[in-house]
There are 2 protein chains.
Amino acid sequence: MATIKEVSDLAGVSQATVSRVMNGNNKVSEINRERVMAAMDKLGYQPNSFAQALATNRSYSVGIVVGTLSGPFYGPMMHSIESVLRNEGQHLIATSGHDDLEQERDAIRFLNSRRVDAILLVVQAMGDDELIEMCQRNPNIFVLNRYVPELANRCIYLNNELGGYLATKHLIDLGHTKIASITGPLVHLDARERLQGYRNALNEAGIEYDAQLVVEGLYQEDGGNKAAAKLFQRDVEFTGVVCGNDNIAIGVYDILSLDNESPAERISVVGYDDMFYSRYLRPKMTTIRFPIEEMGTIAANMVLQNLSNVDLVKGVQLEPQLIVRESSAPPVG
Amino acid sequence: MATIKEVSDLAGVSQATVSRVMNGNNKVSEINRERVMAAMDKLGYQPNSFAQALATNRSYSVGIVVGTLSGPFYGPMMHSIESVLRNEGQHLIATSGHDDLEQERDAIRFLNSRRVDAILLVVQAMGDDELIEMCQRNPNIFVLNRYVPELANRCIYLNNELGGYLATKHLIDLGHTKIASITGPLVHLDARERLQGYRNALNEAGIEYDAQLVVEGLYQEDGGNKAAAKLFQRDVEFTGVVCGNDNIAIGVYDILSLDNESPAERISVVGYDDMFYSRYLRPKMTTIRFPIEEMGTIAANMVLQNLSNVDLVKGVQLEPQLIVRESSAPPVG
DNA sequence: TTGTAGGCGTTATCAG
DNA sequence: CTGATAACGCCTACAA
């Protein structure tokens, strides 16, 4: 690859001049500018960003560590982040932590040695303490989809309790009184918050909380099926189920279909997250929308602001929204 | 951030020695090694990869440009690529081209100036000629999911014709003779190839090709609905539909459901790609599996080989596979 | 085994 | 407006 020196030689000017035209410094004569441009063009010159970064101490890139590069959750988020970053001449370096502590650490190490201008963290495995310590060392770290009180001004997170409340309230409004809940793993704060929202709605409606109606499931693949099966095996009646996420809700769909039943007939089901495929299910799923893209956009903007030395006073809490589709209906009988 | 100099000062050795312990050079006395390690630790030292890359002319990172960072297609691919790369100490820098020529060029420019060790291209907008020219300049570019004859040894692609054949053959084997096809945009080579596979199967079975039964659709979102609607409005009979991808097949699902019909009852439908959500649909979709992850793995390995100077003699063609689920059945009557 | 010193490709300061 | 030249942080002969 051509270097600045080759360009300057070819153009018959100094390296400094080449550098100047690259960086849009206007103190260059028109004639020289043209000569330089021509030379660059001829050589297919691309500045070496390592050298640039070394000299300027700026990398013009921000790093993100997500759970996985695939999946309906992180994808849209990275997408929106990249869009706004790119508009400002920044680039995104994406790494994944696979919800594994060592890998998360490794990813962060990588981004640090890459001297990214900022780091976006969407991590599960790493504990609050470690997070806090890192943030103290590095003022350009932001935490997504997670709330850490000590890091309040660098967190962008969802009001999960409200989501759980909305889902439950929806069923209550439809007339349901026997409402079950299949939660995500309760080690996760968000699962606990969603459950709390469920309790709040129940409470508000004067419905007593019944532990028999609550089962803990997994967010992944068929964690939903297992948990749903468990619920149906218990000897309790219910006409609606509030789920920890869409995957779990799909598990309920599956269990119902074993009896040739469909959601909303005898049992209403409400998901959570509104993954893009939820609308492809039949019946279309009633769910809680999680503004993933918006979270990404906001995060990216916070980064940009921080980089231009605007003081960040507080984090951002996003509101979930109820999306009513076809999997919920008034109880029969 | 601490530099190598600070570490060497603190450890009371030269920078060279610090560099040696970093790079696992064993010609360092145990005592000095320990001193250095302690110093690094104390300072939270992270080598500056810009400086390293500048000095070694190696970045230990490979770049990829995909259509979008989100979506069920690119995600799994990046995921598998990152996995194998990471195992070898390489990192993935992901950028997106949004199927837009300027953005694709920009992404490539970025990766070039990042001096990535190799570039993986999954691009749509860029023409063959431009691709060829780039590959000539840079021997470390690979083309995924696309076949360019002149670049045969750096392409990893799918046997699309076979896929179209398998889908159609499946319906024929079930007893169907009136089989429609909703293709992707025929400007795309893969859509044309899939269509050709359809023709081949028909031909082999002695069924005459009927242009009335073929309609061109879009791969995205509701491109399927529109094309399906068009097909159903034509005055032709058919009992099976072979689709250009799963999205299009979902369009057929939707159209059928308007009449309260379900796939496999009167009309069988076969998708293409086996997106992960296809199994969540009811009835579960019969489709052609596209080994996306495998494509990623292979690509990553090619990169690795090329980096260790193994000569690449040929590209790789992957075989699609028929996945029979519930949306196809023998024709009734 | 260790240290010295030159070089990697840019930027930026400072004279001209 | 232009050109030397000293950083930037690290690696790597070469010498000791």
Side-chain angles (χ1 to χ4, degrees), chain A residues 1-40 43-61 89 91 109-117, chain B residues 1-40 43-61 89 91 109-117:
Chain A
M1 280 244 160
T3 71
I4 200 176
K5 178 151 194 342
E6 300 177 49
V7 175
S8 67
D9 283 354
L10 183 60
V13 299
S14 72
Q15 298 183 26
T17 298
V18 176
S19 176
R20 287 185 187 107
V21 350
M22 267 202 300
N23 298 298
N25 186 320
N26 46 16
K27 288 164 183 138
V28 177
S29 67
E30 198 46 44
I31 172 84
N32 271 345
R33 178 187 309 284
E34 272 166 25
R35 273 204 261 257
V36 169
M37 302 276 251
M40 285 186 179
L43 271 47
Y45 171 75
Q46 295 285 349
N48 180 325
S49 66
F50 294 134
Q52 287 180 314
L54 195 57
T56 57
N57 199 30
R58 278 278 256 142
S59 73
Y60 293 100
S61 63
H91 282 270
R109 225 167 347 222
F110 167 72
L111 294 174
N112 266 326
S113 71
R114 231 68 180 174
R115 296 297 190 272
V116 290
D117 295 339
Chain B
M1 281 242 162
T3 71
I4 200 175
K5 178 150 194 341
E6 301 177 49
V7 175
S8 66
D9 285 352
L10 183 59
V13 298
S14 73
Q15 298 183 27
T17 297
V18 174
S19 175
R20 288 186 186 106
V21 350
M22 265 202 300
N23 298 298
N25 186 321
N26 45 17
K27 289 166 176 130
V28 177
S29 65
E30 199 46 45
I31 172 87
N32 271 345
R33 178 186 309 284
E34 273 165 24
R35 274 204 262 257
V36 170
M37 303 275 251
M40 284 185 176
L43 271 47
Y45 172 74
Q46 294 285 349
N48 180 326
S49 67
F50 294 134
Q52 286 180 314
L54 195 57
T56 58
N57 200 29
R58 276 277 256 144
S59 72
Y60 294 98
S61 64
H91 283 269
R109 223 166 351 224
F110 167 71
L111 294 174
N112 266 326
S113 70
R114 232 66 180 177
R115 296 296 190 271
V116 290
D117 295 339

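Naming: A, B, ... by sequence-line order, numbering from 1 per chain.
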Engineer: What's the CZ-P distance between B:Phe50 and D:dG9, to the nearest Å?
Structural biologist: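 Distance check: B:Phe50 CZ to D:dG9 P gives 12 Å.
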
Engineer: Could you label the plane-to-plane angle of the A:Phe50 and B:Phe50 rings as parallel, tilted or perpendicular, counting under 30° as parallel and over 60° as perpendicular?
Structural biologist: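 Taking B:Phe50 first and then A:Phe50, their aromatic rings sit tilted (interplane angle of 30° to 60°).
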
Engineer: B:Arg20 has a side chain; which of C:dT10, C:dT13, D:dA13 sits nearest to it?
Structural biologist: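 Closest of the options to the side chain of B:Arg20: D:dA13.
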
Engineer: Which heavy atom in A:Ser59 sits nearest to a heavy atom in A:Val116, and how many Å separate them?
Structural biologist: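 In terms of heavy atoms, the two residues are closest at OG-CA, 3.4 Å.
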
Engineer: Are there more than 12 heavy atoms of other residues, nucleotides or ligands under 6.0 Å from atom CG of A:Asp9?
Structural biologist: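 Above 12, so yes.
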
Engineer: Under 4.0 Å: is that the gap between some side-chain N or O of B:Asn48 and OP1 or OP2 of D:dC8?
Structural biologist: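 No.
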
Engineer: Counting neighbours of CE on B:Met22 that are heavy atoms of other residues, nucleotides or ligands and sit closer than 6.0 Å, is the number greater than 12?
Structural biologist: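 Yes - once you tally the heavy atoms of other residues, nucleotides and ligands closer than 6.0 Å, there are more than 12.
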
Engineer: Are B:Met1 and A:Ser113 close enough, and set up right, to give a side-chain contact (heavy atoms from CB on, under 4.5 Å), and what steps lead you there?
Structural biologist: CA-CA 10 Å; B:Met1 281 242 162; A:Ser113 71; over 6 Å; no

Engineer: Minimum heavy-atom separation for B:Arg115 and A:Ala2, please, with both atom names.
Structural biologist: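 For B:Arg115 and A:Ala2, the tightest heavy-atom pair comes out as NH2-O, 4.0 Å.
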
Engineer: Near DNA chain D, which residues from residues 51-59 of chain A have a heavy atom under 4.0 Å away?
Structural biologist: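 Residues of residues 51-59 of chain A that come under 4.0 Å of DNA chain D are, in numerical order, A:Leu54, A:Ala55.
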
Engineer: Got B:Glu6 and B:Leu10 here, is their nearest side-chain heavy-atom distance under 4.5 Å?
Structural biologist: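 Contact flag for B:Glu6/B:Leu10 side chains = no.
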
Engineer: For a quick test of reading the model, state the closest non-hydrogen atom pair linking B:Tyr45 to B:Ile4 and the distance between them.
Structural biologist: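 That would be CE1-N, 3.6 Å.
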
Engineer: Counting only heavy atoms not in A:Asn23, do more than 12 fall under 6.0 Å of its CG?
Structural biologist: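 Above 12, so yes.
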
Engineer: Atom CD1 of B:Ile4 and atom C1' of D:dG9: how far apart are they, to the nearest Å?
Structural biologist: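 That distance rounds to 8 Å.
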
Engineer: Does OP1 or OP2 of C:dT10 have a side-chain N or O of A:Tyr60 closer than 4.0 Å?
Structural biologist: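 Answer no for this pair, as no side-chain N or O of A:Tyr60 is under 4.0 Å from OP1 or OP2.
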
Engineer: Of the listed nucleotides (C:dT11, C:dT10, C:dT2), which one gets closest to any side-chain atom of A:Ser19?
Structural biologist: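 For the A:Ser19 side chain, the nearest candidate turns out to be C:dT11.
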
Engineer: Side chain of B:Lys27, heavy atoms from C-beta onward: which of C:dG9, C:dT1, D:dC1 has the nearest atom to it?
Structural biologist: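 The nucleotide sitting nearest to the side chain is C:dT1.
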
Engineer: Between A:Met1 and B:Val28, which is nearer to the 5' end of DNA chain C once each is assigned its nearest nucleotide?
Structural biologist: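 Closer to the 5' end of DNA chain C: B:Val28.
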
Engineer: For a quick test of reading the model: is some side-chain N or O of A:Asn32 closer than 4.0 Å to OP1 or OP2 of D:dC1?
Structural biologist: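 Looking at the OP1 and OP2 atoms of D:dC1, neither is under 4.0 Å from any side-chain N or O of A:Asn32.
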
Engineer: B:Gln46 CD to D:dC8 P: how many Å, rounded?
Structural biologist: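 One finds 20 Å between P of D:dC8 and CD of B:Gln46, rounded.
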
Engineer: D:dC1 P sits how many Å from A:Asn23 CG, rounded?
Structural biologist: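 One finds 16 Å between P of D:dC1 and CG of A:Asn23, rounded.
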
Engineer: Does anything in residues 6-17 of chain A come within less than 4.0 Å of DNA chain C? Heavy atoms only, and list the residues if so.
Structural biologist: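 Only A:Gln15, A:Ala16 qualify.
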
Engineer: Given atom CE of B:Met22 and atom C1' of D:dG9, what is their separation to the nearest angstrom?
Structural biologist: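 Roughly 9 Å, once rounded to whole Å.
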
Engineer: Does the C:dG9 base have a donor-acceptor partner in the side chain of B:Arg115 within less than 3.5 Å?
Structural biologist: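 Answer no: no donor N or O sits under 3.5 Å from an acceptor.
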
